Number of protein chains: 2
Amino acid sequence: MMADAAALVAMTLDAVIVAVSQGRPRLLVVDEPGQPPALPSGPLDVERDATLELGLRRWVRSRTGLEVGYVEQLYTFGDRDRRPDAGPQRQVSVGYLALVEETEPPLDARWVDVYALLPWEDQRDPEPGPEEAAIRAALEVWAAQGADADVRRERAERVAVNFGPPWDGIRALERYELLYGAHLLPEWARDTGAPPPGIDTGIALRFDHRRIAATALSRLRGKLTYRPVVFELLPERFSLLELQHTVEALAGITLHKQNFRRLVERSGLVEGTGQRARSQAGRPAELFRFRPSVQRERPRPGVGVPYR
Amino acid sequence: MMADAAALVAMTLDAVIVAVSQGRPRLLVVDEPGQPPALPSGPLDVERDATLELGLRRWVRSRTGLEVGYVEQLYTFGDRDRRPDAGPQRQVSVGYLALVEETEPPLDARWVDVYALLPWEDQRDPEPGPEEAAIRAALEVWAAQGADADVRRERAERVAVNFGPPWDGIRALERYELLYGAHLLPEWARDTGAPPPGIDTGIALRFDHRRIAATALSRLRGKLTYRPVVFELLPERFSLLELQHTVEALAGITLHKQNFRRLVERSGLVEGTGQRARSQAGRPAELFRFRPSVQRERPRPGVGVPYR
DNA sequence: CTAGTTATGCTCACTGGGAGCATTATGAGC
DNA sequence: GCTCATAATGCTCCCAGTGAGCATAACTAG
């Protein structure tokens, strides 16, 4: 029996390129006339790219001019119906997460607020906005509409688990999938020909790209807690409040200022530079820098995000 | 500019199928005459398999007779040199982790102790065995042989971080990659034509399959701590000691018995059945079963493995 | 009945994190 | 210069989770 029968498929590398600016997480999208925005996507150059990651870096550089720092493979998407435009060839996409410091809007692309795509993921404001309230209400309706009692119970459970309390930021992907399965996203209508949902559920992307973005957010939120990835998104020197705001932007929740400071300082993640930020108002903050040697001391250094 | 130029590649689905029996984690390999053991691997059927995961389930079933329960995509491997036997076509593999309850040895395949592949990952015995001692010694030598002081320091750091203390079970993949990079694995010799390492570093698999196995172990150890995946590996009813031994087998460390019991019972992960195990020696243990509704109550239920 | 073995109950100390009060250092407006 | 608003920073108190170990209960083998 052959151990290595292989299928021929068409593969692209899709990138979720994330930056944080003005307290909001943003990701890069590209526009094509007459189409929803899409994640930047490029091919593997089978001849030149020794690895998938090098392929991604190459075309991101050539296309957007960005030299991405941190890169991490997310997931490989290969559902049959993910690219309805394609022929019989299976369209497989390897999704990547890349982190960059805020920059000029790059060539042929623009930054979009992550929470314009996934509005329910921003829980920094304790009162849910009208969009989120509508989504929660629609989920209740969906749960109550199950065919029989078992289905209704199971739906209600999924809603309760994923939309909390307690809020679990890492469940971003599961929330996206729940909304898709509840037919509350325009993607569902697009993929099935059903009528569009009556409520605003954020900006949809092309193909399954919003799902890939949700995957990236989940992964990034998880990683935040046990690896020092935030610093990829910050300038070399930063105040603790800037650090906190960046973490909060990604995590989608607010944190207790004094405790955050205590945690970060005690963890050895950062060291003071002695420099002060010029202050707008209030006492000027000390500027800190990341202390890479923390990896030697603590096996899993991350900023404390109390997800649970 | 095309947003969707795609490369044609040859894709397989490789499975790390894990079970735990007699206190040892095992994974399934297939043998081909004259070759090292390999992970079971199969093609996507582009016509029939609507998703990659369904494709994996289909060929695992048809080939081994196993109906796998829990399945999770691990990583996609696409390095140019990962399949030196291949022609110009890029050979891409999507690795999956699957968990099954212990079974008869399936068709055309056999169970292999995970720690026969990755002997340094079993830290349940506080004294390192002779193999592990040799590996650690060889790593020290490698670190000391760096070209200049910076390289030596960086190597020593990587060794210290990955081989602890404190021991971090989740770094299994990083340890594998460190050993590969230190030229201590026969795979390095095979891939580069260099002479084989002089020490025993466990059973190598074909291609990059041992790397995929290490990826699976890392992922599984991580998942253990925040999702109730252990129960996929256990019979419906089990004693708390069986549960503990299963966790220890996967985590590669030993746990404090009373505290483990307290943790598991308080977490709501299990419920007593009132039944008793027939005892070999000592007081008979109560049999417990997994309580799925724990997911409603706790957002991230897992058995406590103190990795840090 | 005794020794050996495992299950189970419980205590104690320590730590990390949640919450909030208090103090210090700055800019803006007068 | 004085006062107020605004941040940064320092510190305390409390509690839940957890590491470690002692003590007791319930079996089996002889």
Side-chain angles (χ1 to χ4, degrees), chain A residues 23 126 165-167 224-226 237-248 251 253-288 294 297-308, chain B residues 23 126 165-167 224-226 237-248 251 253-288 294 297-308:
Chain A
W167 180 258
L224 218 50
T225 67
Y226 63 93
R237 280 142 201 263
F238 47 82
S239 69
L240 293 185
L241 191 58
E242 284 166 344
L243 175 59
Q244 181 179 348
H245 284 331
T246 304
V247 171
E248 289 176 335
I253 56 175
T254 55
L255 303 169
H256 184 285
K257 187 168 170 172
Q258 297 94 315
N259 290 344
F260 181 82
R261 153 183 300 272
R262 176 179 63 187
L263 190 72
V264 166
E265 289 203 277
R266 260 201 342 201
S267 71
L269 277 170
V270 299
E271 60 191 358
T273 63
Q275 292 176 46
R276 310 263 138 194
R278 71 239 163 303
S279 63
Q280 316 302 333
R283 177 172 170 175
E286 183 169 6
L287 292 179
F288 288 77
V294 67
E297 301 150 17
R298 299 164 53 84
R300 310 180 62 198
V303 292
V305 182
Y307 278 143
R308 56 191 64 214
Chain B
W167 180 259
L224 218 51
T225 66
Y226 63 94
R237 281 143 200 263
F238 47 82
S239 70
L240 292 185
L241 190 59
E242 284 167 344
L243 175 59
Q244 182 180 347
H245 283 332
T246 305
V247 171
E248 289 177 335
I253 56 176
T254 55
L255 303 170
H256 184 285
K257 187 168 171 172
Q258 296 95 316
N259 289 344
F260 181 81
R261 155 183 299 274
R262 175 178 65 188
L263 190 71
V264 166
E265 289 202 276
R266 262 203 341 203
S267 70
L269 276 170
V270 299
E271 60 192 357
T273 63
Q275 293 176 47
R276 309 264 138 194
R278 74 245 161 300
S279 62
Q280 316 302 334
R283 176 173 171 174
E286 182 169 8
L287 293 179
F288 288 77
V294 67
E297 300 150 17
R298 298 165 53 85
R300 312 183 59 201
V303 292
V305 182
Y307 279 143
R308 56 189 67 212

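Below, read A as the first sequence line, B as the second, and so on, with proteins coming before strands; counting in each chain starts at 1. All figures in this text were calculated on a predicted structure; none of them were measured in a lab.
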**Q.** Separation of atom NZ in K257(A) from atom C1' in dT24(C), rounded to whole Å
**A.** 13 Å
Q. Once you round it to whole Å, what is the distance between C1' of dA25(C) and CD of E286(A)?
A. 13 Å
Q. So what does L241(B) touch, heavy atoms closer than 4.0 Å: a base, only the sugar-phosphate, or nothing?
A. sugar-phosphate
Q: Quick one: label R266(B) by what it contacts on the DNA or RNA (base, sugar-phosphate, nothing), any heavy atom closer than 4.0 Å.
A: base
(Q) How many whole angstroms separate atom CZ of R261(A) from atom C1' of dG10(D)? (A) 9 Å
Q: Determine, step by step, whether L269(A) and F288(A) satisfy the side chain to side chain contact (heavy atoms under 4.5 Å, CB included) criterion, reporting the C-alpha distance in whole Å, the side-chain angles of both residues, the deciding distance to 0.1 Å, and the verdict.
A: CA-CA 10 Å; L269(A) 277 170; F288(A) 288 77; over 6 Å; no
Q) In Å and rounded to the nearest 0.5 Å, what is the CG to CD distance from L287(A) to E271(A)? A) 12.5 Å
Q.
I need a per-nucleotide contact map over nucleotides 20-29 of chain D, read 5' to 3'. Cutoff is protein heavy atoms under 4.0 Å; write B for the base, S for backbone only, - otherwise.
A. BBB--BBBS-
Q: Mark yes or no for whether E286(B), through its side chain, and R276(B), through its backbone, hold a donor-acceptor pair below 3.5 Å.
A: no
(Q) In this structure, how many angstroms lie between the P atom of dA8(D) and the CZ atom of F238(A), rounded? (A) 14 Å
**Q.** Distance in angstrom units between F288(A) CZ and dA7(D) P, rounded
**A.** 18 Å
Q: Return each pair, listed once, that meets salt bridge (Lys or Arg N to Asp or Glu O under 4.0 Å) where at least one residue sits in residues 253-267 of chain B; pairs must be two or more places apart or across chains.
A: R261(B)-E265(B)
Q.
Give me the atom names and distance for the closest heavy-atom approach of Q244(B) to H256(B).
A. NE2-C, 4.3 Å
Q) Please give, in whole Å, the distance from dT18(D) P to L263(B) CG? A) 5 Å
(Q) In this structure, how many angstroms lie between the P atom of dG10(D) and the CZ atom of F260(A), rounded? (A) 16 Å
Q. Looking only at heavy atoms, which two atoms of A277(A) and P284(A) are closest? And how far apart?
A. O-CB, 3.2 Å
Q) Taking CD from Q244(B) and P from dA7(C), how many angstroms apart are they, rounded to a whole number? A) 9 Å
